[in-house]
Amino acid sequence: MKSPSSFEMNVAHDVCIDLRATLTSGQAFRWRESAEGIWLGTVERTAIALRQSPQGAPRRFEWQTFPTPNQWRVVADYLRLEVPLEDLYADWESVEPSLAEATRRFRGLRILRQPPQECFFAFQCATCNTVVKIERSVKKLAERYGEPIETPFGILHAFPALDALANADEAVLRGDLWGYRAPRVINLARHLLAKPPLWLESLREAPYLEAKAELVALHGIGAKIADCICAFCLDKDSATPVDTHIRQITCRLFRPDLEGKSLTPRVYDEIAREWHSRFGEYAGWAQQYLFLAEMQGGR
DNA sequence: GCTTAACCTGGACGC
DNA sequence: GCGTCCAGGTTAAGC
């Protein structure tokens, strides 16, 4: 691995962001931190290096892109820097004081605008799985089928193209920790190939419920995965994926009456409506703070 | 409209 | 060392 000093980092000022919280909050699975405290990841065919500076400061960070340098738009778009986070905190805390502790702890946590295809397939892996294993599976998938991207830190891999996934070997995928999800990935890639080009991307323009309905119509995608895709790559800021953790948080904070009830479609919708009625247009962002607090416990 | 079982697999846990 | 359980769900069948 070459020294990271062989290139120059740009500096972004006056931006409310916490890179660690954002990149490790369970929305994206392929970011890794180098020994120098630089976060490395890819967006389509661009590799990105990010570093919080100075250590822990939430209003300034360093960045660079590879192989084409200085692609600020790619970075700003991915991190959704256009969203005025600090205005949202005030709104949320006025309606729900219980959020104040999480917004203080994870100040600068942002929802990402990921490449839709990577987000779509990464969350196929999330069913009955652990975050550590999801990360490992998605990494293996990219390394096996994705295009290499050269960086000063070594080779990173773009997320695989649709036709590579459609033609993937099921036995190989199963061996790469995808297990019973392997045939689902291949079938979904073939379904997407049969759609008009950029169909997934076009859902960014659709209203939330319409986009979700399109996703749920695909075999293998239920309400939770559809909401993850809507929230983490399709700009649906009010989408609130209801998983086992969110269900527990909701019962504890807002709806003790739902304790012990199965997560049927009716209960799922009821929980989602609860978050939307409290936090409105950016309910998915508010939810992410309490989700991360839950995942990290009292640390 | 709800419950249940099946679907891979690795790590945590109890014994 | 071994057995059991569980983990960011989805689907289909049975009631």
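Values below: all heavy atoms of this structure, side chains included; hydrogens, waters and symmetry mates excluded. Letters A, B, ... are given to chains in the order of the sequence lines, protein chains preceding strands, and every chain is numbered from 1.
Counting only heavy atoms from C-beta on, A:Ser262 has its side chain closest to B:dT3 among B:dG10, C:dG8, B:dT3. Across C:dG8, B:dC2, C:dG9, the shortest atom-to-atom separation from the side chain of A:Thr264 is found for B:dC2. Minimum atom distance to the side chain of A:Thr127 is reached by C:dT10, of the listed B:dC2, C:dG8, C:dT10. Side-chain atoms of A:Cys128 lie closest to C:dA7 of the nucleotides C:dA7, C:dG8, B:dC2.
If you take NZ of A:Lys133 and P of C:dG8, they are 10 Å apart, rounded to a whole angstrom. Counting to the nearest Å, the C1' atom of B:dT9 and the CG atom of A:Asn129 are 8 Å from each other. When rounded to the nearest whole Å, the span between CZ of A:Phe291 and P of C:dA7 equals 13 Å. Rounded to an integer number of Å, the gap from NZ of A:Lys140 to P of B:dC8 is 18 Å. Between A:Asp269 atom CG and B:dC2 atom C1' there is a gap of 15 Å when expressed in whole angstrom units. Rounding to whole angstrom units, CD1 of residue A:Ile249 and P of C:dG8 are separated by 12 Å. To the nearest angstrom, P of C:dG9 lies 6 Å from CG of A:Asp243. Going from atom CZ of A:Arg247 over to atom C1' of C:dG9 covers 12 Å, rounded to whole Å.
Side-chain heavy atoms closer than 4.5 Å link hydrophobic residues (I, L, V, M, F, W, Y) into clusters, and following such links, possibly through other members, connects A:Ile134 to A:Leu292.
Among the atoms of the strands shown, only primed sugar atoms or phosphate atoms (P, OP1, OP2) are found under 4.0 Å from some heavy atom of A:Arg266. If you check every strand for non-hydrogen atoms under 4.0 Å, A:Arg136 touches sugar and phosphate atoms only.
Using bins of under 30°, 30° to 60° and over 60° for the plane-to-plane angle, the ring pair A:Phe279/A:Trp92 lands in the perpendicular bin.
For the P atoms, the distance from B:dC8 to C:dC2 is 25 Å, rounded to whole Å. Taking the C1' atoms as reference points, B:dA5 lies 16 Å from C:dC6, given to the whole Å. Here, B:dC13 and C:dG8 have their P atoms 14 Å apart, quoted to the whole Å.
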Check the interface with nucleotides 11-15 of chain C: list each N/O to N/O pair with the protein under 3.5 Å, or write none.
from	atom 1	to	atom 2	distance (Å)
C:dT11	OP1	A:Gly220	N	2.5
C:dT11	OP1	A:Ile221	N	3.3

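Two rings, from A:Phe159 and A:Phe120, have their centers 6.0 Å or more apart.
The existence of a salt bridge linking A:Arg30 and A:Glu118 is confirmed by a sub-4.0 Å separation between a basic side-chain nitrogen and an acidic carboxylate oxygen. The residues A:Arg107 and A:Asp18 are annotated as not salt-bridged, no charged nitrogen and carboxylate oxygen being separated by less than 4.0 angstrom.
Within the 3.5 Å criterion, the main-chain N or O of A:Cys233 finds a donor-acceptor partner in the side chain of A:Arg204. For A:Glu150 (side chain) and A:Pro67 (main-chain N/O), no donor-acceptor pair under 3.5 Å exists by modelled atom type.
Between the base of C:dG9 and the side chain of A:Lys224 there is no donor-acceptor pair shorter than 3.5 Å.
An OP1 or OP2 oxygen of C:dG8 is reached within less than 4.0 angstrom by no side-chain nitrogen or oxygen of A:Thr244.
Here A:Leu188 contributes atom CG and A:Ile221 contributes atom CD1; the two are 5.0 Å apart, rounded to the nearest 0.5 Å. How far CZ of A:Arg181 is from CZ of A:Arg174: 10.5 Å, rounded to the nearest 0.5 Å.
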Working for ring-ring contact (aromatic ring centres under 6.0 Å, His included), residues A:Trp275 and A:Tyr289: CA-CA 13 Å; A:Trp275 285 83; A:Tyr289 282 78; over 10 Å; no
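In DNA chain C, stems built from 3 or more consecutive Watson-Crick or G-U wobble pairs, each with both distances under 3.5 Å, span B:1-7 with C:9-15, B:9-15 with C:1-7.
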